[in-house]
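Worksheet: the structure to be examined is printed underneath.
All values reported here derive from a predicted model rather than from experimental measurement. Just follow the structure's listing: the first ligand is 1, and inside any ligand the first atom is 1.
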Amino acid sequence: MRVKVSRTSVEGEVFAPPSKSYTHRAITIGSLSEKCVVRRPLISEDTKATIRACKMLGAHINEEKGDLFIEGVKGKPHIPEDVIDVGNSGTTLRFMTAVASLVDGVSILTGDNSLRTRPNGPLIEVLHDLGAEVISTLNNGCAPLVVKGGLKGAIAKIDGSISSQFISALLIACPLTSQSTTLSIKGELRSKPYVNVTLEILREAGAEIFEDSNHNIKFIIPPNQDYDLKDYLVPGDFSSASYLLAAAAMTGSRVVVKNMFPSQQGDMAIIDILKQMGAGVSWDKENGVVTVNGRDLKGVRVDAAATPDLVPTIAVLGAVAEGQTVIENAEHVRYKETDRLHAMAVELKKMGVSVKEDRDQLTIKGGKLKGGDLHGWHDHRIVMALTIAGMVAGDTTVDTAESIFISYPNFFDDIRSLGADVVVNKQ
Ligand SMILES: O=C(O)C1=C[C@@H](OP(=O)(O)O)[C@@H](O)[C@H](O)C1
Ligand SMILES: C=C(OP(=O)(O)O)C(=O)O
């Protein structure tokens, strides 16, 4: 699928889609509970992968009027009857690898071409230390993964620099084992807010996990716990909303985004980043309403350690801002659906922008964008970021646009409802 984007501004109100991260966790933890209703979940390709995997592991999940009704496995997932295909979803792979480690038997997990390049080494090692056996069939730490259950508690350490999803996965599985676990994080924990999202929902489900952040972060997890996530309303997604807010900021327009209540999402940082860049932004937290008034933007220095999913958005903002934008502490952004630092550098250069790519950062000199035929890299966040850049440049096409179905299926409808001239060509 290819989109053709013409130069346009945006104006109006839109309701942000539900959070992908909260939805994955609510379905997973709901499936490990006895009964659960997940209200207003995100239904997208990635969250469908989690629904599929949880069903394979024994949960019954029905969708009714947009809500998910789950009859769960009460902490005891079943042996899956077939290979679990998680598609493009890294979150699903990491969470289900840990959940499969609780199964009394063998599970096999795989996914699409992109998913099968993503690293899992630290998770595989620590699951082994905790009593399960996980084999990467190609011995490269990537899926396909064969998981032989037997997870028990222990004292273990894990590298936090590649993906926080490893830690979230362990926090979900370990409370259900028969021995206590102490999990220490080696080095810096990147994407930490996502661990806080996990802890928030686990605690809502009644789990007890203690965090000690004195030196390195350490989690102490008592054994033999039960989950009881009864009724969970998924909040709006700040990563998805970032494209709408940035579109207004970049095109000098006014947009109101609703369903933006405060939560544990690190990507709420987009609001401060836009303010620092000079956009007019107000956030009515009580009513969950963010209003952006676009103005001339100036370059900014952003530490992306906690907010990797904002990087494509910040990169296009930097590309139209006056002066230099530096996105630092971003090496983990290379381990996503694609190497997003490289992808954004390549595509912005096609638009005439000066970009310097280092291992851990991008340095962007903002200026005038020129339109072009851009590659979306089969990556939803690259496609959405390039689409809004195209609204400034005009005369732009972006291919592999179907990847928006991974996290924000209504993205083109929403941006068009704000007046953007974006034509979707299904071929
Ligand atoms: O746990 C989650 O829901 C996520 C964690 C982040 O990944 P990493 O922890 O791998 O950086 C983020 O990039 C991803 O989109 C969603
Ligand atoms: C990286 C992402 O998700 P996941 O890791 O679940 O594939 C994302 O949504 O940008």
Side-chain angles (χ1 to χ4, degrees), residues 17-29 42 44-50 53 86-98 109 111-123 142-143 158-172 185 188-202 234-235 237-243 263-267 269 304-313 329-341 343-344 376-385 403-409 411:
S19 157
K20 176 163 83 79
S21 292
Y22 275 92
T23 301
H24 278 305
R25 287 157 175 79
I27 296 168
T28 306
I29 296 164
L42 175 73
S44 72
E45 289 306 313
D46 270 13
T47 60
K48 283 186 205 162
T50 288
V86 303
N88 191 245
S89 176
T91 311
T92 313
L93 177 69
R94 278 74 179 251
F95 287 13
M96 295 307 145
T97 299
L109 297 104
D112 71 6
N113 290 339
S114 150
L115 192 282
R116 284 185 277 106
T117 66
R118 295 180 67 181
N120 305 292
L123 180 62
C142 300
I158 186 160
D159 179 348
S161 67
I162 294 176
S163 173
S164 70
Q165 292 171 359
F166 305 153
I167 291 112
S168 286
L170 295 164
L171 293 175
I172 292 170
I185 313 300
E188 190 195 350
L189 172 55
R190 297 232 167 158
S191 305
K192 169 82 166 55
Y194 293 96
V195 172
N196 297 338
V197 174
T198 308
L199 289 170
E200 183 194 322
I201 305 198
L202 280 170
V234 176
D237 193 308
F238 278 79
S239 325
S240 297
S242 76
Y243 309 102
S263 71
Q264 293 293 338
Q265 290 171 76
D267 286 1
T307 58
D309 292 357
L310 289 181
V311 166
T313 315
N329 278 329
E331 184 171 350
H332 54 323
V333 179
R334 295 188 184 278
Y335 310 132
K336 306 294 178 192
E337 283 78 332
T338 188
D339 175 344
R340 288 181 177 155
L341 284 192
M344 287 312 295
W377 296 68
H378 303 272
D379 182 325
H380 50 131
R381 300 204 190 280
I382 306 290
V383 167
M384 292 189 275
S403 44
I404 58 146
F405 293 115
I406 293 295
S407 64
Y408 190 172
F411 173 68

If you have a sec, work out which protein heavy atom is nearest [atom] and how many Å separate them, to one decimal?
atom	result
atom 3 (O) of ligand 2	Lys20 NZ, 3.0 Å
atom 6 (O) of ligand 2	Thr91 OG1, 2.5 Å
atom 5 (O) of ligand 2	Arg118 NH2, 2.8 Å
atom 4 (P) of ligand 2	Gly90 N, 3.5 Å

Just going by heavy-atom distances, which of Gln165, Glu337, Arg381, His332 is nearest to atom 1 (C) of ligand 2?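 That would be Glu337.
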One thing to verify: whether [Y] and [X] come together as a salt bridge, which I'm taking to mean a side-chain N less than 4.0 angstrom from a carboxylate O.
X	Y	value
Asp309	Arg381	yes
Glu45	Lys48	yes
Asp46	Lys20	yes

Would you mind writing out a table of all protein N or O atoms found under 3.5 Å from any N or O atom of ligand 1, naming both atoms and giving the distance to 0.1 Å?
residue  : atom   : partner : partner atom : Å
ligand 1 : 1 (O)  : Arg25   : NH2          : 2.6
ligand 1 : 3 (O)  : Ser21   : OG           : 2.7
ligand 1 : 3 (O)  : Arg25   : NH1          : 2.9
ligand 1 : 3 (O)  : Arg25   : NH2          : 3.4
ligand 1 : 7 (O)  : Gln165  : NE2          : 3.3
ligand 1 : 7 (O)  : Lys336  : NZ           : 3.0
ligand 1 : 9 (O)  : Ser163  : OG           : 3.4
ligand 1 : 9 (O)  : Ser164  : N            : 2.7
ligand 1 : 9 (O)  : Ser164  : OG           : 2.5
ligand 1 : 9 (O)  : Gln165  : N            : 3.4
ligand 1 : 10 (O) : Ser163  : OG           : 2.6
ligand 1 : 10 (O) : Lys336  : NZ           : 3.2
ligand 1 : 11 (O) : Ser191  : OG           : 2.6
ligand 1 : 11 (O) : Lys336  : NZ           : 2.5
ligand 1 : 13 (O) : Asp309  : OD1          : 2.6
ligand 1 : 13 (O) : Asp309  : OD2          : 3.4
ligand 1 : 13 (O) : Lys336  : NZ           : 2.8
ligand 1 : 15 (O) : Asp309  : OD1          : 3.4
ligand 1 : 15 (O) : Asp309  : OD2          : 2.5

So for Asn88 against ligand 2, with non-hydrogen atoms under 4.0 Å, the contacting part is backbone
Contact partition for Asp309 relative to ligand 2, non-hydrogen atoms under 4.0 Å: side chain
Could you pull out all residues at least two apart from Thr338 that satisfy side chain to side chain donor-acceptor pair (under 3.5 Å)? none
Do any heavy atoms of His24 fall under 4.0 Å from ligand 2?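 Contact check His24 vs ligand 2: negative.
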